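Report on the structure given below.
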Amino acid sequence: MNIKKTKQLILDSLKKEESCFKDLIDKIGEQKKAIEDKDEVRVLEIIEEKNKIIEIFHSHEGEVNARQESLPPEEIQSLEQEGEALKTSLEKLLETILRMEEECEAEIGLKMKEVEKRIFGLQKGKKIGKGYGGFLKNRPIISRKV
């Protein structure tokens, strides 16, 4: 295959990866909104959608790696220079994705702590109720002496 064509295919695949990252950022934004709305079903749906996007990204990454191996070292250096702006864009998008995912993780952590506090409060109340309830349950409602 023509070296110039191979380089162009690699650049096209990298642009597709960039598109995947942008789609992923959009999905993470939706996920963040669903977490704030406490819509667990939607969060799970979004995670599945994100997994599909990640699979597409991996297929493009595999194409890039396979095509890159067929290029001689001097062409790879030339390709790096041509794709410098694309590389910078991909790095910034990846940093954004990581930051957004960390924010979502922190938000979910806070929600989990709230749930744990409620559960602990319910368990504590149940123990207190057992202390009072046991005495009342064992006594007959109507006196047998009547």
Side-chain angles (χ1 to χ4, degrees), residues 1-139 141:
M1 185 181 283
N2 186 341
I3 291 177
K4 197 171 197 175
K5 187 174 182 179
T6 302
K7 286 170 59 174
Q8 188 59 45
L9 288 172
I10 290 173
L11 290 172
D12 290 343
S13 292
L14 290 172
K15 288 177 185 174
K16 290 175 185 176
E17 287 181 17
E18 182 181 37
S19 174
C20 286
F21 280 174
K22 289 178 182 177
D23 292 343
L24 203 54
I25 288 173
D26 291 340
K27 288 296 174 190
I28 295 170
E30 290 178 33
Q31 175 180 313
K32 198 171 183 179
K33 174 96 171 82
I35 291 169
E36 290 170 0
D37 294 343
K38 297 181 182 180
D39 187 356
E40 296 89 9
V41 174
R42 183 65 185 136
V43 171
L44 294 174
E45 289 173 356
I46 292 170
I47 289 172
E48 287 298 319
E49 293 168 7
K50 285 179 8 185
N51 286 337
K52 290 176 186 173
I53 293 171
I54 291 170
E55 286 176 17
I56 294 169
F57 167 79
H58 284 301
S59 70
H60 293 306
E61 187 71 16
E63 288 176 23
V64 169
N65 291 335
R67 288 193 174 113
Q68 184 178 352
E69 290 176 2
S70 67
L71 292 176
E74 60 273 357
E75 292 300 323
I76 292 174
Q77 286 181 334
S78 167
L79 182 64
E80 285 177 2
Q81 291 171 354
E82 289 177 32
E84 189 64 37
L86 194 55
K87 176 186 169 192
T88 304
S89 173
L90 287 169
E91 287 173 349
K92 286 181 181 179
L93 288 171
L94 188 57
E95 288 173 4
T96 303
I97 289 169
L98 291 173
R99 182 183 45 76
M100 290 177 76
E101 283 290 347
E102 288 170 354
E103 290 172 3
C104 286
E105 182 181 353
E107 187 70 28
I108 289 174
L110 289 174
K111 302 281 186 213
M112 289 298 294
K113 285 186 180 188
E114 289 174 15
V115 169
E116 286 175 3
K117 285 180 184 177
R118 273 192 258 150
I119 289 172
F120 182 72
L122 290 173
Q123 287 175 340
K124 191 175 181 179
K126 194 173 182 181
K127 287 178 185 176
I128 292 171
K130 280 184 180 180
Y132 287 108
F135 175 72
L136 294 175
K137 286 181 184 175
N138 293 335
R139 287 184 47 198
I141 296 175

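Count residues from 1 along the sequence. Quick caveat, the model's predicted, so the values are computed rather than measured.
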Rounded to the nearest 0.5 Å, the OG atom of S13 sits from the CG atom of L86 at a distance of 10.5 Å
Is any side-chain heavy atom of R118 closer than 4.5 Å to one of V115? yes
Between CG of L11 and CD of E17, what distance do you get to the nearest 0.5 Å? 11.0 Å
Side-chain touch I28/T96, heavy atoms, less than 4.5 angstrom: no
With a 4.5 Å heavy-atom cut-off, do I10 and L71 have their side chains touching? yes
Using a strict 4.0 Å threshold on nitrogen-to-oxygen distance, state whether D37 and K33 make a salt bridge. yes
Distance-only polar pair, side chains of E55 and N51, donor-acceptor under 3.5 Å: no
Between K52 and E48, does any NZ, NE, NH1 or NH2 come within less than 4.0 Å of an OD or OE carboxylate oxygen? no
Drop me the distance from L24's CG to S19's OG, to the nearest 0.5 angstrom. 11.0 Å
Quick one: pull up CG in L94 and CD in E91 and give me the separation to the nearest 0.5 Å. 8.5 Å
Any side-chain heavy-atom pair of D23 and K27 under 4.5 Å: no
With sequence neighbours excluded, residues passing side chain to side chain donor-acceptor pair (under 3.5 Å) with K50: Q31, E101
For the residue pair K7 and K4, establish whether any side-chain heavy-atom pair is separated by less than 4.5 Å. no
Say you draw a straight line from CD of E63 to CG of D12; how long is it, rounded to the nearest 0.5 Å? 10.0 Å
Is it true that E49 and R42 have a side-chain N and a carboxylate O under 4.0 angstrom from each other? yes
Between I46 and A34, what is the shortest heavy-atom contact and its length? CD1-CB, 4.3 Å
Can you tell me how far apart OG1 (T6) and CD (Q68) are? Round to the nearest 0.5 Å. 11.5 Å
Do T88 and K92 have side chains that get closer than 4.5 Å, going by heavy atoms? yes
For residues 103-113, which side-chain N or O atoms pair as donor and acceptor with protein atoms under 3.5 Å away, sequence neighbours left out?
{"unit_1": "E103", "atom_1": "OE1", "unit_2": "K32", "atom_2": "NZ", "d": "2.4"}
{"unit_1": "E103", "atom_1": "OE2", "unit_2": "R99", "atom_2": "NH1", "d": "3.2"}
{"unit_1": "E107", "atom_1": "OE2", "unit_2": "K111", "atom_2": "NZ", "d": "3.4"}

